[in-house]
K.L.:
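Mind looking over this structure? Questions follow.
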Number of protein chains: 2
Amino acid sequence: MSSIDAEHVDYDGEPEAERCAMRVLLELITAPWTLHILLILTDEGPTRFGALRRKVEGISSRVLTVRLRSLEARGLLSRSVSSSKPPEVTYYPTPRLHDMRVFMQQLRDLSLKWHHEDHPNPT
Amino acid sequence: MSSIDAEHVDYDGEPEAERCAMRVLLELITAPWTLHILLILTDEGPTRFGALRRKVEGISSRVLTVRLRSLEARGLLSRSVSSSKPPEVTYYPTPRLHDMRVFMQQLRDLSLKWHHEDHPNPT
DNA sequence: CCGAATCCACCACGATACTG
DNA sequence: CAGTATCGTGGTGGATTCGG
């Protein structure tokens, strides 16, 4: 992500905002664990922090927090705090996450197609 | 990319190969400059190394080479060397790049939609 | 002209320990 | 339970230099 600024240079008068939005979106997705997190939310619905941490096996709470914050900032999930004791924070899917799912489905189809091309399965 | 291995853990019995393929694809795309490179190839067709370097303003030859190699390895472009003097290396789009284009179009639509949601444009 | 090799600097991840 | 704080480390991008 170090050179994202360098890509802010205008490119042939193209609307740079769009391309930037693409980059941001892609980088959000490819950040480690995010796919896991998003899939869990779409598959299992609202999930609490601890549960998330358990399901995304191996992630540290620090990184999980960072990811969740980023995803929240981009509207892919929402965060709800219940100020009880002990604290209870739940993360919810959003409409935008549903858009995401469609997109990921297409991505999956594509990568699957290529995978089969690369590794033909002789019957 | 440091934790990609950590994600190799099987996830609920899902075929991990597919998810891995997705990751590889996504990481390929999000690597800096790749979007630039791919767009240029799709828009302008076969392009030589030097031209590519000029169009992708700011990229170093080292990184450009690395990116091109990766993209070639994944079949997104092909490389043709003309052993003349001076040497002439041209990079060509591939069918797979065309698949890519469809996918990127959808991605663009999505990010554009979100962009408009985030920044409503009052007329 | 195309690209390989080297060196450096940065930063994101991971582990650990600690609060409200 | 749900994070924040701090430190150490490896992987990558960038600049530069050299070679065919």
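Order of the sequence lines fixes the chain letters, A, B, ..., with proteins taken first and strands second; residue numbering starts at 1 for each chain.
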K.L.:
Nearest to the side chain of B:R67, which nucleotide is it out of C:dC1, C:dG20, D:dG13?
P.N.:
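When the side chain of B:R67 is considered, D:dG13 is the closest of C:dC1, C:dG20, D:dG13.
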K.L.:
Specify whether A:F103 and B:F103 have parallel, tilted or perpendicular ring planes, treating 30° as the upper limit for parallel and 60° as the lower limit for perpendicular.
P.N.:
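Rings of A:F103 and B:F103: parallel, under 30°.
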K.L.:
Is there side-chain contact between A:L110 and A:W114, with at least one heavy-atom pair below 4.5 Å?
P.N.:
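Yes, their side chains come closer than 4.5 Å.
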K.L.:
Atom CD1 of A:I37 to atom C1' of D:dA2: distance rounded to whole Å?
P.N.:
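The answer, rounded to whole Å, is 15 Å.
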K.L.:
Under 4.0 Å from OP1 or OP2 of D:dT12: is there any side-chain N or O of B:W33 that close?
P.N.:
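So the side chain of B:W33 is outside the cut-off, no N or O lying under 4.0 Å from OP1 or OP2 of D:dT12.
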K.L.:
For a side chain to side chain contact (heavy atoms under 4.5 Å, CB included) check, start with the C-alpha distance between B:L68 and B:R79, then their side-chain angles and the critical distance, and finish with the verdict.
P.N.:
CA-CA 9 Å; B:L68 290 172; B:R79 178 171 178 267; over 6 Å; no
K.L.:
Any side-chain heavy atom of B:F49 sitting closer than 4.5 Å to one from B:L64?
P.N.:
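In contact.
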K.L.:
Step through the shown structure and confirm whether more than 12 heavy atoms of other residues, nucleotides or ligands are within 6.0 Å of CZ on B:R53.
P.N.:
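Atom CZ in B:R53 is not crowded, with 12 or fewer foreign heavy atoms closer than 6.0 Å.
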K.L.:
Between C:dA12 atom P and A:L64 atom CG, what is the distance in whole Å?
P.N.:
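Computing the A:L64:CG to C:dA12:P distance gives 17 Å.
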K.L.:
A:R54 has an atom CZ; how far is it from atom C1' of D:dC1, in whole Å?
P.N.:
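My rounded result for the distance is 10 Å.
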K.L.:
Can you tell me how far C1' of D:dC1 sits from CG of A:L52, to the nearest Å?
P.N.:
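Going from CG in A:L52 over to C1' in D:dC1 covers 14 Å.
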K.L.:
Could you tell me the separation between the CZ atom of B:R48 and the P atom of C:dC1, rounded to a whole number of Å?
P.N.:
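Interatomic distance, CZ of B:R48 to P of C:dC1: 8 Å.
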K.L.:
Nearest whole angstrom, please: distance from the P of C:dC11 to the CD of A:E27.
P.N.:
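That distance rounds to 14 Å.
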K.L.:
Whole-Å distance between D:dT4 C1' and A:R53 CZ?
P.N.:
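Whole-Å distance recorded here is 13 Å.
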K.L.:
Polar pairs (N or O, both sides) under 3.5 Å between protein and nucleotides 3-5 of chain C?
P.N.:
unit_1	atom_1	unit_2	atom_2	d
C:dG3	OP1	B:R79	NE	3.0
C:dG3	OP1	B:R79	NH2	2.4
C:dG3	OP1	B:Y91	OH	3.3
C:dG3	OP2	B:Y91	OH	3.0
C:dA4	OP1	B:R69	NH2	2.9

K.L.:
Pairing donors with acceptors under 3.5 angstrom, does anything connect the side chains of A:R101 and A:T42?
P.N.:
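Checked: A:R101/A:T42 side chains pair up, N/O donor to acceptor below 3.5 Å.
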K.L.:
Whole angstroms only, please: what is the CD-P distance between B:E72 and C:dC2?
P.N.:
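Spelled out: CD on B:E72 to P on C:dC2 is 15 Å.
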